[in-house]
Trainee: 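Below is one structure. I have some questions about it.
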Amino acid sequence: MWTYDSVLFSRLLTELTLAFHIIYATIGVGVPLMIAIAQWVGIRKNDEHYILLARRWTRGFVITVAVGVVTGTAIGLQLSLLWPNFMNLAGQVISLPLFMETFAFFFEAIFLGIYLYTWDRFNDQKKHFLLLIPVAIGSSASAFFITIVNAFMNTPQGFELKDGVITNIQPLVAMFNPAMPTKVAHVLTTAYMTSAFVLASIAAYHLLKGNRHLYHKKALHLTMKSALIFSLASIVAGDLSGKFLAEYQPEKLAAAEWHFETSTYAPLVLFGTLNENNEVENAIKIPYALSILAHNRPSAEVKGLNDIPKDERPPLYIHYLFNAMVLIGIWLTVIAALYWAAMKKGLAFVTKKFFIMQLVLSGPLAMLAIEIGWFFAEVGRQPWILRGYMKTAEAATSSAHVDTMLVVFSLLYLVLAFVSVAVLIKMFRNNPVERELQERALDQGGVSS
Amino acid sequence: MTLEVVGISVLWLFLFGYIIVASIDFGAGFFSAYSEMANKKHIIHKIIQRYLSPVWEVTNVFLVFFFVGMVGFFPKTAYYYGTILLVPASISIILLAIRGSYYAFNTYGIKDNKAYTFLYGMTGVFIPASLSIVLVISEGGFVRIDGGEPVLLYKQLFVSPFTWSVVLLSLTSVLYISANFLTYYANEAGDLQARDLLRKYALIWSGPTILSALVIIYQLKHHNVEHYEKMLDLSWMFVVSFVFFLLSLYSLIKKRYFGWSFISLVLQYAFAFYAYGISHYPYLLYPYLTIYDSFTNRTMAVALITAFIAGLFLLVPSLVLLLKLFLFDKKYVKGQV
Ligand code: HDD
Ligand code: HEM
Ligand code: HEM
């Protein structure tokens, strides 16, 4: 028999909204920075191509911001609607960064409004560029604050809980919890990286279709260079995140690595399957690599799942999520490095269809890694919603209509996804680069007279 | 003043700010859609677009600020309201989502799509209605505690005349506030044709707002006597509010001082809204929840207030810049940049 379970539906609805929001949020965090880079390069080189790049990215960005804002409003309310017990408890300790996040939004929203409508209002492009800086700071700051809240859920501190009553609250200690530095660093760098790859994909797509305009080549060059830098930073931050897990959330790392027995010289397990005795089969094992990931030494001891109480172990399928995220990260970094090296040395393969195809795929792959990464991090925290203090099942609403809401919101997101993509495509088709370049009376060299 | 009162005052201020800016926005959407159907689009469409474009995202943040602040200062509201509002708040979210995204799609993406304009206008009427339900619920009588868990009584809520009069007030107010402001804005732009049409709308909706407000006060007497009596103690505030209403209407009729007319309107709503809020004190949800038993701890309250003050130093100058560049910039208002 089918029975209604508000916990299950609350989880599904949270996952749905967050998984949808994170796409637009990631673009919202990374793209302003990319626009700033393009506009800055344009001003420095006095090259209208880059300025036009910034203009066109901004136009697309407005559409994604709108969906980011409305889905963000949805998740902000849903946290209270679906997890009232959690917010009631955690709100007493961690509402400070949540509150500060709204200031960051406010700041960003104001300057985005100004930036959009002042392209031709100043004679000096630099003045207009200055207006973008608060936008970029605002959006990264909101990611910073929201990630702090999420870090707190993984390593709560800064309070004491006795018989359901919270005392001795220290908001700043709660904010600067052990998970915070690595999480913030990894979330921000991957958002920048993903945005760079998404924009690179677009440029590569035009090249693949045979459009050899210098504008697209410059766009690809700029975005791939940025992507390489952000990818390297993401890998470093990811590696540090692994070390953080080993120290503070060993059960997540152990589940991600199917590491059952606490041991030294632990190998890194890639892929594979588990048999009924929880033994790893068909896997690729890289000797010592897990010990190195966790503590930088092959001889280091890594805690295994068998030392964790059975009812506190995360689901084991996160192993595949971890694998997929890391592989995508390494693959994208390799592509960006190859592109960069080939440009330096003038190698021909970068213009081959096969390689450009990889560049087209890089944006969607990076976005996939963001989704997978979040599912890994959040599912890996289960069964806890507030690790060590409150289980997810205790936190959910008792309301009777979560299933209906799940259906309704699924429809909403479907429509939003569909229409936002359709609008973006139509918008750029109706106003192709060539026409806009012509209108601005530019030659192929792109240097304005 | 206790920290609880400081907290609720800050939030009430932001809710008031949201009501004013959002009303302008919602009403503008409605008039825009209405003018499209009544073939008057050429008259007022431009003026509405020029006002809304740079500020729409800012409007939404007022709302986010309110509910994040509410959970911050009064975490127990997350428990009570979070549990009972699942359906009503989800409806609001969906309408807000349709509205916000479709505004952007229409304005920045594909221009002047009739279907979008229609959706945009209709949601502008339903959102205030769905949001005002929260105020209705806060009066008590629509929530039961069932095995320790609060449950919303949908049927009672739906058939209560009190509910419908609050909905009515929210609708008429949205149209009145919006028309009044846009009259002023069109006048600044020197667009007399638009101004006169919007002024007519404002005059039409002025009477119904006052009438529906009176109906609410009457019904509150039967619905929540305690609140009603506390409101009577503050009757001077309602009188002041009414005087500002007359002032605002007078300058509108005289076709002069449109700016003062709007300022009087803001004061009219401010007095009524604060009188309502103060008489609601200390309850957040009759009779289960007060600002005292839902309050967060002292440390967090002080931290939030500190953050709030620091934040204002950032926000106020930025808002002033926004207003200067768009609302009070004669050239922009007139459509010359
Ligand atoms: C483009 C996206 C992307 C890429 C390429 C990577 N990651 Fe990642 N990863 C994320 C996107 C992401 C994320 C979405 O940002 C997560 C989810 C939650 C979080 O804190 O960051 C994350 C979480 C996350 C965590 C869990 C942190 C925690 O739960 O506290 C670890 C250990 C790593 N990552 C490690 C890596 C390593 C070693 C990578 C090497 C290539 C890597 N990630 C690539
Ligand atoms: C401050 C940041 C965040 C908060 C407060 C938060 C809150 C929550 C809550 C309340 C749950 C419990 C529901 C459940 O276990 O299913 C959860 C799980 C989850 N969250 Fe987060 N989340 C945050 C960040 C994110 C982000 C950005 C994503 C990106 C998509 C995300 C994805 C998920 C997923 C996929 C689950 C489901 C875990 C499972 O099914 O076991 N979270 N999160
Ligand atoms: C770490 C993952 C997340 C990132 C990077 C992120 C980032 C953003 C960004 C950049 C925006 C604004 C869109 C724009 O104006 O450009 C946004 C909107 C929003 N986000 Fe998220 N978000 C994340 C997860 C969450 C979670 C878990 C919550 C819930 C607490 C949340 C709440 C909101 C809200 C309320 C808004 C709307 C703000 C407004 O109206 O302006 N976000 N988010």
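The sequence lines fix the lettering, A, B, ..., with proteins before strands; numbering per chain opens at 1.
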Trainee: Identify the residues of residues 168-176 of chain A whose heavy atoms come closer than 4.5 Å to a heavy atom of chain B, ordered by number, or report 'none'.
Mentor: Ile169(A), Pro171(A)
Trainee: I'd like to know which of Leu81(A), Thr102(A), Leu416(A), Val67(A) tops the heavy-atom pair count under 4.5 Å against chain B.
Mentor: Leu81(A)
Trainee: Of all heavy-atom pairs between Thr17(A) and Ala74(A), which one has the smallest distance, and what is that distance?
Mentor: CG2-CB, 4.3 Å
Trainee: Looking only at heavy atoms and a cut-off of under 4.5 Å, which of Thr299(B), Leu304(B), Ile98(B) has the most pairs with chain A?
Mentor: Leu304(B)
Trainee: Determine whether the aromatic ring centres of Phe99(A) and Phe65(B) lie less than 6.0 Å apart.
Mentor: yes
Trainee: Heavy atoms only, distances under 4.5 angstrom: which of Ala104(A), Ser420(A), Ala90(A), Gly91(A) has the most pairs with chain B? Name it, please.
Mentor: Ser420(A)
Trainee: Going through the checks in order, is the side-chain hydrogen bond (donor to acceptor under 3.5 Å, both in side chains) test met by Tyr79(B) and Ser80(A)?
Mentor: CA-CA 7 Å; Tyr79(B) 175 68; Ser80(A) 296; over 6 Å; no
Trainee: Kindly state whether the ring of Phe145(A) and the ring of Phe103(A) have centres lying under 6.0 angstrom apart.
Mentor: no
Trainee: Check each atom of Leu82(A) against the heavy atoms of chain B and say whether the ones under 4.5 Å are side chain, backbone, both or neither.
Mentor: side chain
Trainee: Quick one: pull up CG in Leu15(B) and CE in Met70(B) and give me the separation to the nearest 0.5 Å.
Mentor: 9.0 Å
Trainee: Report which part of Leu319(B) has an atom under 4.5 Å of a heavy atom belonging to chain A: side chain, backbone, both, or neither.
Mentor: both
Trainee: Please find the pair of heavy atoms, one from Ser130(B) and one from Leu95(B), that lie closest to each other, and give the distance.
Mentor: OG-CD1, 4.2 Å
Trainee: Using heavy-atom distances under 4.5 Å, tell me whether Leu96(A) contacts chain B through its side chain, its backbone, both, or neither.
Mentor: both
Trainee: Kindly determine whether Tyr80(B) and Glu149(B) satisfy side-chain hydrogen bond (donor to acceptor under 3.5 Å, both in side chains), including the steps that lead there.
Mentor: CA-CA 8 Å; Tyr80(B) 277 89; Glu149(B) 302 279 355; over 6 Å; no
Trainee: Against chain B, label Val402(A) side chain, backbone, both or neither, depending on which of its atoms sit under 4.5 Å from a heavy atom there.
Mentor: both
Trainee: Taking the ring of Phe295(B) and the ring of Phe74(B), is the distance between their centroids below 6.0 Å?
Mentor: yes
Trainee: Can you list the residues that meet the ring pair (Phe, Tyr, Trp, His ring centres under 6.0 Å) rule with Phe142(B), with sequence neighbours excluded?
Mentor: His223(B)
Trainee: Heavy-atom pairs under 4.5 Å with chain B: which of Phe409(A), Phe428(A), Phe111(A) has the most?
Mentor: Phe409(A)
Trainee: Please determine, among Val151(B), Leu315(B), Leu63(B), the option with the most heavy-atom pairs under 4.5 Å with chain A.
Mentor: Leu315(B)
Trainee: Counting only non-hydrogen atoms closer than 4.5 Å, does Tyr154(B) touch chain A with its backbone (N, CA, C, O), its side chain (CB onward), both, or neither?
Mentor: side chain
Trainee: Identify which part of Tyr102(B) has an atom lying under 4.5 Å from any heavy atom of chain A, answering side chain, backbone, both or neither.
Mentor: side chain
Trainee: Find the distance between CG (Asn85(A)) and OG1 (Thr83(B)) and round it off to the nearest 0.5 Å.
Mentor: 6.5 Å
Trainee: Looking at Thr296(B), Ile94(B), Leu96(B), which one has more heavy-atom pairs under 4.5 Å with chain A than the rest?
Mentor: Ile94(B)
Trainee: Tell me, for Met87(A) versus chain B, whether the close heavy atoms (under 4.5 Å) come from the side chain, the backbone, both or neither.
Mentor: both
Trainee: Checking side-chain contact (heavy atoms from CB on, under 4.5 Å) between Lys76(B) and each of Leu289(B), Val71(B), Leu285(B), which is the one that passes?
Mentor: Leu289(B)
Trainee: Taking the six-membered ring for Trp, are Phe62(B) and Phe14(B) parallel (under 30°), tilted (30 to 60°) or perpendicular (over 60°)?
Mentor: tilted
Trainee: If you round to the nearest 0.5 Å, how far is CD1 of Ile148(A) from CG of Asn177(A)?
Mentor: 8.0 Å
Trainee: Below 4.5 Å, heavy-atom pairs only: which of Pro150(B), Ala78(B), Gly100(B) has the largest tally toward chain A?
Mentor: Ala78(B)
